Undergrad: 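Take a look at the following structure, please.
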There are 2 protein chains.
Amino acid sequence: MEQLSERKLKILQAIVANYLETGEPVGSRTISKYTDLNLSSATIRNEMADLEESGYIEQPHTSAGRIPTDAGYRVYVDQLMQERDNEVEEMRQEREGLLERVDRMEVMLKQVAKVLAYNTNYAAMIAAPKNQEIRVKFIQLTMVDDSHILAVIVVDGNVIKNQLIPVEEPLANDEVLKLSILMNSFLQGASLTDINIEMIQTMKVQAGVYADVLDRILSGVVEAVKAADERQIYTSGATNILKYPEIGDVEKTSILLEAFEEKQMLNELVEETLNSNEKGIQVYIGNEAPTQNMKDLSVVTATYELQDGAKGTIGIIGPKRMDYKKVVSTLKELTVELDEIFNKKD
Amino acid sequence: MEQLSERKLKILQAIVANYLETGEPVGSRTISKYTDLNLSSATIRNEMADLEESGYIEQPHTSAGRIPTDAGYRVYVDQLMQERDNEVEEMRQEREGLLERVDRMEVMLKQVAKVLAYNTNYAAMIAAPKNQEIRVKFIQLTMVDDSHILAVIVVDGNVIKNQLIPVEEPLANDEVLKLSILMNSFLQGASLTDINIEMIQTMKVQAGVYADVLDRILSGVVEAVKAADERQIYTSGATNILKYPEIGDVEKTSILLEAFEEKQMLNELVEETLNSNEKGIQVYIGNEAPTQNMKDLSVVTATYELQDGAKGTIGIIGPKRMDYKKVVSTLKELTVELDEIFNKKD
DNA sequence: GTTAGCACTCAGAATAAATGAGTGCTAATA
DNA sequence: TATTAGCACTCATTTATTCTGAGTGCTAAC
C-alpha cells in the first residue's frame, strides 16, 4: 500500500473513529464538519474516492457512506491510535479494589475476566499461565478414612491435585509412609515423558501387595500432570457479543457463543498468541485472527508472564467496530497489574 | 377448574402435542385430521371454544389457531403425558459410555450437564450435592518448598481444598508436625459455627511463634469450609436458548443468558427445588418458576441424593414449548443413574 | 349431537411509493 | 492547481397499501 498523505490519514482516522462510535457508514458531509480540516464535503469526497481506491475504506452500497476495510482498521490501529485517555484511568481505579486480596489463582483469573468483560462490554478471556514441561514436585499420601487414601500431588507452578483412592481395607500408617517414600523417590522431578513402563514395573515390584493401590495413585499422578498441562481458560461476558447486531444473524452468533462455551477455539487463539514472537499487545482484525468464524470480529490479546517464565494470555473479543483505543490501553494496564500481582506473591 | 370430558382431554392433548412439535398455533382442521376421534373440524371448534373458556388454550389473535395456556400445559404435564419412549432409551445407551470412569465429581457433573444439554437441545444445569452442615474432617500440613506450607483440608463429603501458605523461612519437620497435630485436635469435626474466637485464641497461644502461620492456615480452613458450603452449579448449552425464537427479542435473551452466566438465578431455583417437599421431578411452567425472567420459559428439575443425605439438583431450562415427555423421562433416568454412580463409589 | 357452509377477521407476505443520505461529476472559483 | 458549489442520480430504508389464506364463529340442515 502506498504512502498516504497527512490529510488522507486524518480523514481515514476521522472515518474510523466515527464509525467506531456510531456503527453507521460515514458520509463526506459528516467528516467535513467533524474534523478541523475545514474542507468542504466535495473535497472530502474526492479524497475518500482515493482512499477507497487504495483499499482502506469501502461502501456497503452505492449511495451509502464509507466504512473501514480491515486494512483501514489496521492503519488506524498501527498509526493513528492515541495513547490512553482518562476513561481508562478511571477504570483502573475501579479495578483496584476488585483485584486485591484474591489469593487463589483460579478465583483471581475468573475475577479478571469478569472485570474485563464488564469494563469493556466485550467478551473477555484469560488463559492461565503454563510452564513448558510440567514436573512432579511432590506426592503425599494419607489415609483419610477407613476406605480412602488421599493422594495430594503437587506439580510445577504449585498446581495441586487431589486424588481420592478407594481401598478395600485400611492401610497401616507405616505402610502408607513406605508407599509415599517409594513414590516420591521415583517420581520427584519426573515429567510425563519420564514416567515409562519400566519405571512403573520397578515401582510395582517394590510396592508388593500394594501394587494396585500404587497403580491407581499413578494414574492419578498422570492425570494431575496432564491437568496442569492443560491450559485453563476462563471467560466472561460472552453474551456481550449479542450487543453488537452487526455480527450477523442469530445463527452466526449462536455458533460463536457455542465456540466460546467449548473454548476449543480460544485455545487455538492462545497458542497462536504465545507462539507468535511479537511481544505485548496484538490486534487481529477480522480474518487476521488465527481461527475460524472470526470474519466479523476482532481480537485483541496481551501476554503476561510469571517469574518462572510461565506465560498466559488475556484477550478481548468483540466486533470489528471495537473501541481499540480503550481495549488496548485497558489490556496494557492489566498486564502490568497482573505482572505485579503475580511476581509479588510468587 | 372443572373436570374435563374424556374427549376434551384428548383434544387438549392433541393441541399441546401438536404445538410442541410445530410451534405454530393449532387449528381445528389439523386436530380433526391429526387425531383418531373422527370428528369434523366444526365439532372440534365447538370443543375448542369450551376449552378456551375454561382457560386451557387461547388464541394469539382472532383468526389464528389455539395455543396452550400455562394451565393447559399443566394439565398436559400432569395427566396426559405418556411414559418414556424409545428415543429416550437410545440416548440412555449413548450416555452409558460417557458417564463411566469419570471419577472426579466436578468433572463428572460438568460432563452430565454437557450430555444433558446435548441430548435435549435445551439449557442444562446441575447443582453439586451439598451437606447440611459441613465439618472439618482432617487437616494436613507439609512443607512443599522452602517458602511454602501446603495445607490440605478435607471436609465432609470428601471435598478437598488446598491452601498454599507462604512463610518467611522453612519450618523444621517436627514443627510442622506439631502444628498439624495442634490444628487437628482442635478442628476435627468442627463446623463453621464451632470455630469461635476463643478456640482461635487458645490455638494461637499453643502455636507460639507460629501463631501467624496458624492464623493463615485457619483462614484457609474457613475458606475451604465456606467453599464446600457454597453450592457449585455447572451449566451447559445455554446457547441452546437461542434456538427457540419465541423466547423474544435479543434483549430478553441476552438478559437470560447473562443470568445463566452469573448463576445467581439458578441458585434460587435450586434452593427452591430442594426446599419444596415434592420428591422427584418438578415442572415449572412459565410464571410458576420461582425466579424472575422466566415468563416464556419452563423449568424441569429433578433431585438426586447421596447416601449421606447430601442433595443436588439437575435441571433443564427451555421454552414453554418444551418436549416435556422427553425431558421428564431423561431426567428420571439420569437421577437413577446418578444415584447409582454416587452411591456405588461413595 | 354432529356437520356442512359461509361470512368474517386479521397477521403476515407481497408490492408499491416516498424519503433522504450520500455519491460522482462538472463547471465555476480562488 | 486545488477547492468548492451545484445537481442529477442511486439505492437502502421506511411507510403505506393491497393481497392472501388460515382459521374462526355462527347458522341451518342432517
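Here is how names work: the chains are called A, B, and so on, in the same order as the sequence lines, proteins then strands, and each is numbered from 1. None of these values were measured; they are calculated from a predicted model.
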Undergrad: Tell me, which of residues 19-40 of chain B have any heavy atom that sits under 4.0 Å from an atom in DNA chain C?
TA: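 Hits under 4.0 Å, by residue number: B/Asn38, B/Leu39, B/Ser40.
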
Undergrad: Under the side-chain hydrogen bond (donor to acceptor under 3.5 Å, both in side chains) test, which residues partner A/Ser298, sequence neighbours left out?
TA: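 For A/Ser298, the residues satisfying side-chain hydrogen bond (donor to acceptor under 3.5 Å, both in side chains) (neighbours in sequence not counted) are A/Tyr324.
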
Undergrad: With a 4.0 Å cut-off on N to O distance, would you call A/Arg66 and A/Glu52 a salt bridge?
TA: yes

Undergrad: Report each atom pair, protein N/O against N/O of nucleotides 27-30 of chain C, whose distance is under 3.5 angstrom.
TA:
none

Undergrad: Applying ring-ring contact (aromatic ring centres under 6.0 Å, His included), name anything that partners B/Tyr76, two or more places apart in sequence or on another chain.
TA: none

Undergrad: Flag the pair A/Lys320 and A/Asp296 as a salt bridge only when some basic side-chain nitrogen lies within less than 4.0 angstrom of an acidic carboxylate oxygen.
TA: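 A/Asp296 and A/Lys320: not salt-bridged.
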
Undergrad: Can you find a side-chain donor-acceptor pair between A/Gln282 and A/Ser276 that sits under 3.5 Å?
TA: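 Per modelled atom types, A/Gln282 and A/Ser276 side chains form a pair under 3.5 Å.
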
Undergrad: Does A/Lys114 have any salt bridge (Lys or Arg N to Asp or Glu O under 4.0 Å) partners at least two apart in sequence or in another chain, and if so, which?
TA: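 With neighbours one apart ignored, the set is B/Glu262.
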
Undergrad: Report the distance from atom CG of A/Asn46 to atom C1' of C/dT26, rounded to the nearest whole Å.
TA: 11 Å

Undergrad: Just to verify, what does B/Lys263 make a salt bridge (Lys or Arg N to Asp or Glu O under 4.0 Å) with, not counting sequence neighbours?
TA: none

Undergrad: How many whole angstroms separate atom CD1 of B/Ile44 from atom P of C/dT2?
TA: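 The distance from CD1 of B/Ile44 to P of C/dT2 comes to 10 Å, rounded to the nearest Å.
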
Undergrad: What residues in residues 59-70 of chain A put a non-hydrogen atom under 4.0 Å from any atom of DNA chain D?
TA: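 Result for residues 59-70 of chain A: A/His61, A/Thr62, A/Ser63, sorted by number.
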
Undergrad: May I ask you to test the A/Glu268-A/Pro290 pair for a side-chain heavy-atom distance under 4.5 Å?
TA: no

Undergrad: Going by side chain to side chain contact (heavy atoms under 4.5 Å, CB included), name the residues that satisfy it together with A/Arg321, two or more places apart in sequence or in a different chain.
TA: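 With sequence neighbours excluded, A/Arg321 shows a side chain to side chain contact (heavy atoms under 4.5 Å, CB included) to A/Tyr19, A/Leu20, A/Tyr73, A/Tyr244, A/Glu246, given in chain and number order.
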
Undergrad: Using the salt bridge (Lys or Arg N to Asp or Glu O under 4.0 Å) rule, collect all pairs that involve residues 24-38 of chain B, keeping only residues at least two apart or in two chains.
TA: none

Undergrad: Can you sort out the partners of B/Asn18 under side-chain hydrogen bond (donor to acceptor under 3.5 Å, both in side chains), two or more places apart, ordered by chain and number?
TA: none

Undergrad: Under a criterion of less than 4.0 angstrom to any heavy atom of chain A, what are the 5'-terminal and 3'-terminal contacting nucleotides of DNA chain D?
TA: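 Extent of the interface on DNA chain D: D/dT3 to D/dA12.
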
Undergrad: Tell me, yes or no, whether the heavy-atom count around B/Asp78 atom CG, taken from other residues, nucleotides or ligands under 6.0 Å, exceeds 12.
TA: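 Count over threshold, so yes.
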
Undergrad: Could you list all the salt bridge (Lys or Arg N to Asp or Glu O under 4.0 Å) pairs where at least one residue sits in residues 281-290 of chain B, not counting sequence neighbours?
TA: B/Arg74-B/Glu288

